[in-house]
Amino acid sequence: MKEGEKEIELIKKGKRLDGRGFEELRPIKIEVGVLKRADGSCYFEMGNNKVMAAVYGPREMHPRHFQDAKMAVVKYRYNMAPFSVDDRKRPGPDRRSVEISKVSREAFDPVIIKEYYPKTAIDVYVEVLQSDAGTRTAGINAASVALADAGIPMKDMVSSVAVGKIGGEVVLDLSGVEDNHGEADMPIAMVARTDTITMLQMDGHFKKEEFERGLKLAMDACHKIYELQRTALIERYSKSVGEGEE
Ligand code: ADP
């Protein structure tokens, strides 16, 4: 909670302010291939978070001295639109977006098979259109589907969600008000098929058993998100093939 902010009751009669149970995700909507110019793209909603991911590449890396002779270089740019928050956000990169871009790129490190495309760049752009906490996780989910849509060789997709603590309870997928007034927030990303965690951050405090419960909750949720990501891709491509279009 920010300094000077009033404490508010986040749990009433065993339910959260938006009516969710403790272990419930916000509604998720996924659309694949929404941007024509991008090699791969995905629009992803997670409750009030609305995120667009676009992937370009593998393409020639400029400037050349940034090229890696052995593998592709993955670049990841997370950006929040000025209109994505209640107060206008100053446009352009800041410390927070630079950090989120870095950890998100690293979340894909174990899965993208970069050795196939030496000297190239793979650009991942994540634009947050509307934010309500958990935008880095929504961005990773969107980027994962966009990378698959672009045909970038990956060992598997990455799925991501946050768990946190509000009113002394460990809960899944914090909303904005829960994030602001809660006690802890822990976003994770993982390869669901192998249960490999590729990102884990923590803000606030968990007791050991809360951490363990939260981690299990987040991992189970990542399995659900992975299925939604897979289904969205299968639907998109079975349609194209079935209709004999592309
Ligand atoms: P995440 O969105 O991944 O949870 P944070 O925990 O840093 O990342 O941010 C939580 C939420 O706080 C964001 O989703 C957004 O709604 C809000 N927020 C973050 N940065 C700003 C900002 N500069 N101005 C207004 N709101 C912001």
Side-chain angles (χ1 to χ4, degrees), residues 1-8 10 16-18 20 22 24-30 42-53 76-108 124-146 158-167 170-190 197-206 211 214-215 217-219 221-222 225 229:
M1 197 168 79
K2 286 182 204 132
E3 222 175 284
E5 261 181 330
K6 252 191 10 212
E7 217 173 292
I8 66 166
L10 293 171
R16 296 153 75 178
L17 292 182
D18 54 11
R20 277 186 295 157
F22 298 164
E24 217 176 304
L25 280 167
R26 290 176 282 186
I28 288 176
K29 183 177 151 192
I30 309 176
C42 173
Y43 171 72
F44 193 96
E45 276 184 18
M46 204 174 188
N48 290 323
N49 288 311
K50 294 175 192 257
V51 174
M52 182 75 82
Y76 192 109
R77 177 182 180 270
Y78 163 101
N79 183 55
M80 255 180 24
F83 53 82
S84 66
V85 289
D86 285 340
D87 322 312
R88 176 179 179 274
K89 188 212 159 267
R90 233 181 116 194
D94 49 29
R95 269 177 60 154
R96 178 177 169 275
S97 67
V98 170
E99 175 226 308
I100 294 179
S101 300
K102 177 182 183 286
V103 294
S104 304
R105 175 174 49 76
E106 287 170 356
F108 286 96
V124 183
Y125 297 95
V126 169
E127 290 290 322
V128 179
L129 308 175
Q130 184 171 284
S131 79
D132 190 32
T135 56
R136 77 194 66 199
T137 65
I140 290 171
N141 292 329
S144 208
V145 175
V158 176
S159 310
S160 182
V161 76
V163 279
K165 189 172 152 189
I166 57 167
V170 176
V171 300
L172 185 66
D173 190 17
L174 297 186
S175 67
V177 64
E178 291 174 336
D179 189 9
N180 279 341
H181 297 268
E183 294 117 74
D185 176 27
M186 180 171 82
I188 77 154
M190 66 180 257
I197 292 174
T198 63
M199 179 193 82
L200 193 154
Q201 298 185 286
M202 194 180 331
D203 188 11
H205 299 283
F206 275 129
F211 170 80
L215 189 60
L217 212 54
M219 288 177 80
C222 281
I225 293 168
Q229 291 170 305

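Remember, it's 1-based here, ligands and their atoms both numbered in the order they're listed.
Residue Y78 places no N or O, backbone or side chain, under 3.5 Å from any N or O of ligand 1.
The shortest heavy-atom distance from D87 to ligand 1 is not under 4.0 Å. Assignment of A133 to the shell around ligand 1 is supported, since a heavy atom sits closer than 4.0 Å. For the pair P187 and ligand 1, no heavy-atom separation below 4.0 Å is found. The closest approach between any non-hydrogen atom of R90 and ligand 1 is not below 4.0 Å.
In terms of the salt bridge (Lys or Arg N to Asp or Glu O under 4.0 Å) criterion, R105 has no residue partners (sequence neighbours excluded).
Ranked by closest heavy atom to atom 4 (O) of ligand 1, the top entry among G134, S84, G164 is G134.
For the pair D18 and R20, the salt-bridge criterion is met [side-chain N within less than 4.0 Å of a carboxylate O].
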List, one per line, each side-chain donor-acceptor pair under 3.5 Å for residues 125-137, sequence neighbours excluded.
from, atom 1, to, atom 2, distance (Å)
E127, OE1, N79, ND2, 3.0
E127, OE2, R77, NH1, 2.8
Q130, NE2, N48, O, 2.9
S131, OG, S84, O, 3.2
D132, OD1, G176, N, 3.1
D132, OD2, N48, ND2, 3.4
T135, OG1, Y78, OH, 2.7
R136, NH1, E99, OE2, 3.2
R136, NH1, Q201, OE1, 2.8
T137, OG1, G134, O, 2.7

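Each of the atoms 14 (O), 15 (C), 16 (O) of ligand 1 lies under 4.0 Å from some heavy atom of S131. Each of the atoms 23 (N) of ligand 1 lies under 4.0 Å from some heavy atom of K89. Under a 4.0 Å criterion applied to the non-hydrogen atoms of R96, ligand 1 contributes the atoms 1 (P), 2 (O), 5 (P), 7 (O), 8 (O), 9 (O), 13 (C), 19 (C), 20 (N). Atoms of ligand 1 found under 4.0 Å from any heavy atom of D179, numbered from 1 in the order shown, are 4 (O), 6 (O), 9 (O), 10 (C). Using a 4.0 Å cut-off to heavy atoms of V85, the atoms of ligand 1 that qualify are 24 (N), 25 (C), 26 (N), 27 (C).
Atom CD1 of I188 sits about 4.5 Å away from atom SG of C222, to the nearest 0.5 Å. Here the CZ atom belonging to R16 is positioned 7.0 Å from the CG atom belonging to D173, to the nearest 0.5 angstrom.
Between N141 and Q229 the shortest side-chain heavy-atom distance falls below 4.5 Å.
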